[in-house]
Amino acid sequence: MTITRRHFLKAASAGGAAATVALATPAPAEARTNKLMPPKALGLLFDATLCIGCKACVAACKQANGMPQEVSTPERLWDTPLDISGKTLNVIKVYQHGTNAEKDRETNGFAFVKKSCLHCVDPSCVSACPVSAMTKDPETGIVSYDKDACIGCRYCVAACPFGVPRFQYDTATPQIQKCQLCKHRMPEGKFAACAEVCPTGATLYGPVEALKAEAKRRLAMKEGDEAVFARGDIRTPYAPHVRPAAKYLQRIYGETEIGGTQMLLLSGVAFAKLGYPDLPAQSYASRSETVQSTLYGGMVAPLVALGGLIWAVRRTTKNGEAGE
Amino acid sequence: MSGAAPARRIVGPFNRVEGDLEVHLDLDRGRIASARVNAPLFRGFETMLDGKPPSDALVLAPRICGICSVAQSQATAKALAAAMGLAIPDNGRRAFHLLLGAENAADHLVHFHLFFMPDFTHAAYAGRPWHGRALQRFQPGAGQALVAAARLRARFFQVMGILAGKWPHSLALQPGGSSKPVDRGERSRLRALVAEFRAHVEEHLFTAPLEAFADLADRSDLARFAARHAGGDAALFLTIAADLGLAELGRAPGPALSYGAYAEAEGALLPAGLWDGKAVRPLDLAGLVEDPAHAWMAGAALHPGQGETRPDLAKPQAYSWCKAPRLNGQPVEVGALARQLIAGHPLIRALWADRGSNVESRVVARLLEIARLVPALERWAAELEPDRPFCHPAVPIETAQGVGLVEAARGGLGHWLTVEDGRIARYQIIAPTTWNFSPRDGAGMPGPLEQALVGVPVGNDEATPIAVQHVVRSFDPCMVCTVH
Amino acid sequence: MKAQPIGGRVVTPVTLLLGLLVAIALYLLGKRFLLGLGAVTNINDGFPWGLWIAWDVVIGTALACGGYAMALLVYVANKGHYHPLVRPALLASVFGYSLGGLSVIFDLGRWWNAWHIFAPAYIQWGSVMVEVALCIAAYVVVLWIEFLPTLFERLGMTDARAKLDKALFVIIALGILLPTMHQSSLGSLLVVFGYQIHPLWQSNQLLPLLFLISAIGMGFSVVVFEACLSSVGFQRPLEVPILERLAGILVWLLVAFLVLRFLDLAVRGAVGAMFASGALSFWFWLETVLFALPVVLLFKPQARARRQALFLAATAMLLAGALYRINAFLIGYETGPGWHYFPALSEVLVTVGIVALEILAYIVFVRKLPVLPRAH
Amino acid sequence: MHQDPISTLEAKLGVSRRSFLQFCTALAATMGLPKGADAQIAQALAGAAKRPSVIWLHFQECTGCTESLLRAEHPTLEKLILEIISLDYHESLFAAAGHQAEAARKAAMEANKGKYVLVVEGAIPTKDGGIYCKIGGHTAMELTKECAADAAAIIAIGSCASWGGMPSTPPNPTGAAGVNAIVKDKPVVTIPGCPPNPYNFLATVAHFLTFGKLPAIDEKGRPLFAYSRLIHENCERRAHFDAGRFANEFGDEGHRKGYCLYKLGCKGPETYANCPSILFGDVGSGSWPVGTGHPCVGCTEQGIGFAKPIHALADLKNTYPPASYPRIVEDQGQGLSFGSAALVAGIAGAAAGAGAMLARNLGRKDDESDKA
């Protein structure tokens, strides 16, 4: 027993476990911190208190992105996606409780919420993707997908904390599908279709900095006061929507969550109830990449380990019994 | 006419007029010495409009009146369009003309059949040779012509349904045009409805082609027409008018004005102008004021562009909710008569030259207007171009002024709009009956109706003197418009 | 103690049954490639990785760690007396890894692009998967090279064998390094999942180490398990003395694992979660009991000589390692409420077919090639 | 010989039996009454032994309500009021003038005490003692109270009479209020709308004549048959709303194509009325505000019509569109199926069995070694 233990410990110290040692003692100096918001980051501000659930954005998104119909009802008359999917990039979901008496109230109320890509500042999907099919634009920060690079491993699907990238399971040539903020419409001078058609300004498009300032302005408003809400693109808005300010939770979702997102959300109902979990400020991408860089930074640890192993194997196989 | 002592009498409420009306009469030897016209209803539209977004005026202002709703809508739309500097597309213009023309033609029809003519079925006229026929045709609720006219109007107002949805208080009229694009099928239906209207009035009212009546040039033509087409209701009226001397009744001295109507590229069907009693002069509204001297309103006489509406119940000399509009210090008569006069129609010019504005000429002018409007309606309907725009988008206004002048059935209607900081800062309305039924002004000058009533005979046993009713109704008053 | 082919018939009812299972799997895979993954599997956007990844790749390669574990023991710890176990372990590893690598292709949606993961122009070095894929691919090659001597021996290619032997120490060194890297990285794969992995299984720093230790433990156990199986299946004696020592190593490895596991849970404040996570608590404790079972069974040195105890302990360890991986990848993967996943019948049949192929190939190989040590 | 009452009516009204029955069917349909009710209505309307007396009061109004009734084609209002009901006081239509009319009203009230129907058109100003509307020296408040006292039923026609309507637009300079602000001791059926749809009024009257009682009403006094559904629910442009196709401005492309008018301020989503189903003016499809390209202004809804700016967007009152919304959590993915569960269980069982066999086998060998 003592012998075997000693043998094992020796084995461990002999270089084969150099990596093992490195695993247990991550070097803080190499820890990767959250990535920062690109300077010209574009995004969306979704204000659940303004959303009326008209689903104009769902329809417009389908049209703008050439996505097929998705039917969930027995009648098969309407495009009725239950969630975002390989056929749907954006849905409006409803939160309901009790009697549904009042909008944006948690008890006996209801609320609408948009589900689409949040365009994380430090996206898990980009960090997970092994073949650079998921990329984050250094300028606009739009997280986009390249089907020609993708191998279809679905690591992005599994990794995204919001469950955004979706895969097509019903075709021999599947792709990942996710909102790319209508970047294909930008050369035509158009912006995100969801914000373009939103009748109330619940989905507002623009530079993240401006949207954040707008979100803060809304949080500072007094409930019931007449308030003016921009519609469309915050830089060149359509005629504003005027209505009394709602009661907001004093929180901008996406401001800090896993390093921040480029889609920000405001709501009167707790975000966790709307399918937006409470998340820490440190991005998961940075955690994962810290572990990786600690172990494999510059391939130093593996090479040292390999050297040790070669020495050890050479020593034990000198008598020529290696192949047996 | 037995009593010679001066007497006072209050006549009202009036039936078969739109809204509430009271007339205070001072009698002298069986005739009216002076009259005071009171509009006893006040709603305060101008106050309600203050501070509202300009586009709300399109919803609120037209609800002043359920009779001339289209005219009110057009006045609002025009005031807004003027403030926005917006022109409307050809189709929009045609739709506007069709709506206003149809409303005016139908109004004249209803006024004649349902409001004015039934007075001649009164028992006081039992001995007259035409009384039996009047009863047959215009007995309230049962007369053939009256019932047929009501049915015709209901049918004809499908024009409103097609072009503007519901009526009254249609919402389709916008500053930039009409919100309803007309397709080919709808255009055909419009043309059929106008044709149906023409057929009906040609068959029953004129018993002659409309053009035959429109072409009449003087009083002798009129007499010949009455003789030749004696079976028609128009002829019946002319017979009655001649018998009762209605041309002598309810005379008002003028002047008269028209804001002009149905503008087209080649000029308006009914041009604008001021009739000074002899000739048409260009219309200049710089000298226009609304004088609240005898109204329960505070403030001084001001141009409607600067006007205000503040009730003041404590004014001793006040007797009406209606302010007195005056142009260059004078009361002015408005209506179909004024329009045709200024448009230079020979028959109306001739009637004016004869006895000026009176019960007969006012009614003849309306009949003439029906005869002249229907062919124009036919043309506008035919000219609608289904594939071209009916409306231009509105433009936001921050600070601007605009005036919307329209000829409603009862005469000139004006909306004066001031927008400041994107909100309505002032909205003043002068309706046709405001002109015609205005009270006295600061100088003590009575309004047109008050003038027209002077000298009208009043029987002692008459609670509501029949002659007074003829005079009042010849103006086709709309009291709800008068005080808004 | 030279190895030799054990001979015997290749076509037997057992191999025929295995062949049938392989054929079914091939048919289903044809369907998958024509109609898409959804036609055969139950994976969905909530559980984009199902049985094929969790079992065929993550568990499959761990089960194929016998070669790695033995190499570690023989070549690094210089324990030559374990040598008779190396070849059979290596053979199992060759099949396990080759088929694990192949299964990945079945699971890739856009498999025709699979080469991108080896092309520097595409590689995204921050991705844990790059490291896993590169190491597994390289290790499959290394395993086949390591296995070449056996082939050369059978074919009588002594020259080639001699030449290979000279360079083999580098290959062997790589054959130890690569599994160390990717078996740990299979754990690192989960770090980026963040909150989606239940606190009972998520851990930033220790996931790689825990996966590595359990993989080595499974490697040792699979050697013991296979030896037991072969001894019964091929009516051969069992090398009890060697296995006895292996069992000692396993016990201490597991003690280390359990200490680390619970320390990690304690440090992360997940102690409460052990009891308060409903069904997940059950799975956690089942997994933990299975990990602890070999320690209990083999703690007394005299117990390690008993075949039954060895077999049961090895089985428990393999189940523990497998359940740990299933727990971390599927059961403890909290993708968001509302999502369901259980492998489809066809999905399971493909996995069964792959396992069948592995067993079939093992049977064929040990009958035809000098893999198993000569019987006394 | 007993004559069929409908034939009598046919003769009296000068309308054909067919169009009269059509009218009754239309009224029954408006009220959503079951099959057979139309015949009942026809019998009641035609066979009424004594025509119920109606007193029609006008206050702060524009005559629009009467006007809209005049537009109803099948029996015109004159026919209806003269043959079916006995209109004893109505300013615009009634032949008598001045004090005669006043006397007629008093006489009718006296003669039909407790049996007449009071219809009020127009709002009632309550500010400054009600001075803003006086008829024959009486304020609207006094007249309403006087006439309501002995009325069998009270119908407030139009938004003005229903709650104050247009004249009550903020700042409500005259303190305009609805009938039920004055008459508190009796139910008041309100037929709001500016103008209201004539058939909603006629159907209410027909209901009263047929069944001897007023139709079921909501808490605002509105007949449920006409005011229980949102405009939005029956709007012909609803498909455009659901598809996100909106007109952005009057006259733009979307507007010309007949897209949804929500963005122009349509109040359909918060206004209860049957406008889109029964339309106006007997013209056929599209003859209502939204049909002609103008947003609904919410004229039947207190607090919306004339109070909320036209461009202000409606608050949706309905969270259930035809296709239901996805919930935050939807069941997705394929769970345990019998086949796969059975297979997995089978494999596990076989493995466990084989393992147990193996273990026993090995145990025997252990025993053999022990003995050896």
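Just the heavy atoms: all of them, side chains too, but no hydrogens, waters or symmetry mates, feed the values below. Within every chain, numbering begins at 1; the chains are lettered A, B, ... in the order of the sequence lines, protein sequences first and strands thereafter.
Only the side chain of B/Pro181 comes within contact range of chain D, with at least one heavy atom under 4.5 Å from a heavy atom of that chain. Of the atoms belonging to D/Ile131, heavy atoms from both backbone and side chain fall under 4.5 Å from chain B. Interface residue D/Pro309: backbone and side-chain heavy atoms are both found under 4.5 Å from chain B. Contacts between B/Leu313 and chain D at a heavy-atom distance below 4.5 Å involve the side chain alone, from C-beta outward. Residue contact with chain B, scored on non-hydrogen atoms closer than 4.5 Å, is absent for D/Asn248. Proximity to chain D (any heavy atom under 4.5 Å) is shown, for B/Ser69, by neither the backbone nor the side chain.
The interface of residues 165-177 of chain D with chain B, defined by heavy-atom distances below 4.5 Å, comprises D/Met166, D/Pro167, D/Thr169, D/Pro170, D/Pro171, D/Pro173, D/Thr174.
The choice from B/Asp50, B/Leu58, B/Ile162 that makes the most heavy-atom pairs within less than 4.5 Å of chain D is B/Ile162. Note on B/Leu173, B/Val59, B/Val182: by heavy-atom pairs under 4.5 Å with chain D, the leading option is B/Val59. Among B/Leu60, B/Asn38, B/Thr121, the residue with the largest count of heavy-atom pairs under 4.5 Å with chain D is B/Leu60. Per-residue heavy-atom pair counts under 4.5 Å with chain D were compared for B/Pro311, B/Pro53, B/Pro89, and the maximum is reached by B/Pro53. Ranking D/Gly286, D/Cys160, D/Gly64 against chain B, the residue ahead of the rest is D/Gly64, based on heavy-atom pairs under 4.5 Å. Contacts with chain D were tallied for B/Leu163, B/Leu193, B/Asp56; B/Asp56 has the most, counting heavy-atom pairs under 4.5 Å.
Side chains of B/Glu186 and B/Lys180 form a contact here, defined as non-hydrogen atoms less than 4.5 Å apart. Within the 4.5 Å cutoff, the side chain of B/Gln174 has heavy atoms near those of the D/His294 side chain. In this structure, the side chains of B/Lys166 and D/Cys275 stay at 4.5 Å or more apart for every pair of heavy atoms. D/Trp56 places a side-chain heavy atom less than 4.5 Å from the side chain of D/Ile157.
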Could you check D/Val290 against D/Cys266 for side-chain contact (heavy atoms from CB on, under 4.5 Å), going step by step and ending with a plain yes or no?
CA-CA 8 Å; D/Val290 171; D/Cys266 184; 4.1 Å; yes

Would you check, one step at a time, whether the test side-chain contact (heavy atoms from CB on, under 4.5 Å) holds for B/Val468 with B/Val458?
CA-CA 8 Å; B/Val468 170; B/Val458 174; 4.2 Å; yes

Check step by step if ring pair (Phe, Tyr, Trp, His ring centres under 6.0 Å) holds for D/His240 and D/Phe246.
CA-CA 7 Å; D/His240 292 300; D/Phe246 297 106; 9.5 Å; no

Side-chain polar contacts of residues 296-306 of chain D - donor-acceptor pairs under 3.5 angstrom, sequence neighbours left out - could you list them?
unit_1	atom_1	unit_2	atom_2	d
D/Thr300	OG1	D/Tyr272	O	2.9
D/Glu301	OE1	D/Arg222	NH1	3.0
D/Glu301	OE1	D/Tyr272	N	3.0
D/Glu301	OE2	D/Lys220	NZ	2.9

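In plain terms, the two heavy atoms of B/Ala149 and B/Leu114 that are nearest each other are CB-CD1, 4.3 Å.
In this structure, D/Phe250 and D/His255 have perpendicular ring planes: the angle between them is above 60°, well past the 30° mark.
Side-chain N or O atoms of B/Glu103 include one that pairs as donor or acceptor with a backbone N or O of B/Val70 at under 3.5 Å.
Contact check on B/Arg388 versus B/Asp90 returns no salt bridge, with no Lys/Arg side-chain nitrogen under 4.0 Å from an Asp/Glu carboxylate oxygen.
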